[in-house]
Amino acid sequence: MSEAVAIDSVSLYPMEREVHRVQANRSELVERITRAVREDGRTAPLKGLYLHRESSPKGLVHGVSSTALCVIAQGSKEVFLGDDRYQYDPMYYLLATAELPIVSHILEASPERPYLSLSIRLDPILVGSVMVEAGHISSRSPVNARAINVSPLEAGLLDAVVRLVRLLDTPTEAPFLIPLITREIIYRLLKGDQDDRLCHIVLHESHTHRIARAIQQLRKEFDQPLRVEDIAQELGMSVSSFHHHFKAVTALSPLQFQKQIRLQEARRLMLGEGLDATSAGFRVGYNDASHFNREYKKLFGLPPLRDVERLREAAGANANEAPS
């Protein structure tokens, strides 16, 4: 009996060491992001690395996703893509593989325990290179996959992320080591349960690759009339097939996608360039001001003028609260 107990105790040591290593990495990530971002907001201290800090929960924020790995060091967040909802915290990571109109919401944050996160841009060309060099073959049949999903953050991936953030302390070494560590991160993602999602962005024969081309075209020509038939023909797809696969990846129809991109750009024009609602609506492709106002209120909850006033007041209040 005593011998069996001794063997069991010894067998626990590797597990305990792994748990300790994960806890130490999480604590280090919090400490390093706290030092790097001392005030609320976003920063990009290294090429391809973005850090974010918030000291209070935030309401719904409209934005556009990028091809990136997103990790939370402290706090929690939820992201909405169409009708789909993704919530994550330090135990999970979010992977986005396309530029999509999303809505995000920081759930947990306080001055004592601010929300701290990072995102790492993933170049599709680099992803393809790692996939080829690793001899990676997807274990599942090719299927359409949402361009966003959440998965548990395993120890090896967390360790690589922490080593990347450590380069903040050695900026002269960063240009040489960032590509190496990023390749490791991509490799670990390919070995995880989101491998197909990452693979689809570089598989030229997959429907997802065609949809990625359509997304790029719609983002570039968002102010032009939407001609679904022409886009489908350019991609070598039927209209029904294009609609089906587009929604499978983006959770939105092409029209909904274009509408959200247009309205987000109109909001930016009013806030950043001081355009009035009619001019902003016309700039993004709306010829009918009343139609623009209705669509804007439906997405953002307020008419354009009131929404912009609210955002400016909130920005002014945050500036007044910022430490000197």
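All heavy atoms count here, side chains included; hydrogens, waters and symmetry mates do not.
- Side-chain contact between Leu29 and Val71 is present, with heavy atoms from C-beta onward closer than 4.5 Å.
- For the pair Ser65 (side chain) and Leu100 (backbone), a donor-acceptor distance under 3.5 Å is present.
- Put simply, CZ on Arg26 and CG on Leu153 are 6.5 Å apart, with the number rounded to the nearest 0.5 Å.
- A distance of 14.0 Å separates CD in Glu154 from OH in Tyr92, rounded to the nearest 0.5 Å.
- Taking 4.0 Å as the cut-off between side-chain N and carboxylate O, Arg163 and Glu184 count as a salt-bridged pair.
- There is no side-chain donor-acceptor pair under 3.5 Å between Arg21 and Gln23.
- With respect to the salt-bridge test (charged N to carboxylate O, under 4.0 angstrom), the residues Glu309 and Arg306 do not qualify.
- Between the side chain of Gln256 and the backbone N or O of Ser253 there is at least one donor-acceptor pair closer than 3.5 Å.
- Donor-acceptor pairing under 3.5 Å is recorded for the side chains of Asp276 and Ser279.
- A salt bridge between Asp223 and Arg283 is absent, with no side-chain N of the basic residue lying under 4.0 Å from a carboxylate O of the acidic one.
- In this structure, Arg267 pairs ionically with Asp307, as a charged nitrogen and a carboxylate oxygen lie closer than 4.0 Å.
- Counting only heavy atoms from C-beta outward, the side chains of His105 and Val61 never approach each other to under 4.5 Å.
- Salt bridge Glu39/Arg53: absent, no basic N to carboxylate O contact under 4.0 Å.
- A donor and an acceptor atom, one from each side chain of Glu16 and His20, are nowhere located under 3.5 Å apart.
- Ionic pairing of Arg262 and Glu265 is not present here: no N-O contact between side-chain nitrogen and carboxylate oxygen is shorter than 4.0 angstrom.
- Between the side chains of Gln264 and His62, not a single donor N or O lies within less than 3.5 Å of an accepting N or O.
- Contact check on Arg35 versus Asp169 returns a salt bridge, with a Lys/Arg side-chain nitrogen under 4.0 Å from an Asp/Glu carboxylate oxygen.
- For Phe292 and Tyr296, the ring centers are positioned less than 6.0 Å apart.
- The pair Arg213-Glu234 does not count as a salt bridge, with every side-chain nitrogen at least 4.0 angstrom from each carboxylate oxygen.
- Taking the charged nitrogens against the carboxylate oxygens, Arg166 and Glu28 do have a contact shorter than 4.0 Å, which makes a salt bridge.
- Considering only heavy atoms from C-beta on, Leu311 comes within 4.5 Å of Leu271 through its side chain.
- Atom CZ of Arg121 and atom CG of Leu49 lie 11.5 Å apart (nearest 0.5 Å).
- Ser66 and Glu99 share no donor-acceptor pair across their side chains, judged by distance under 3.5 Å alone.
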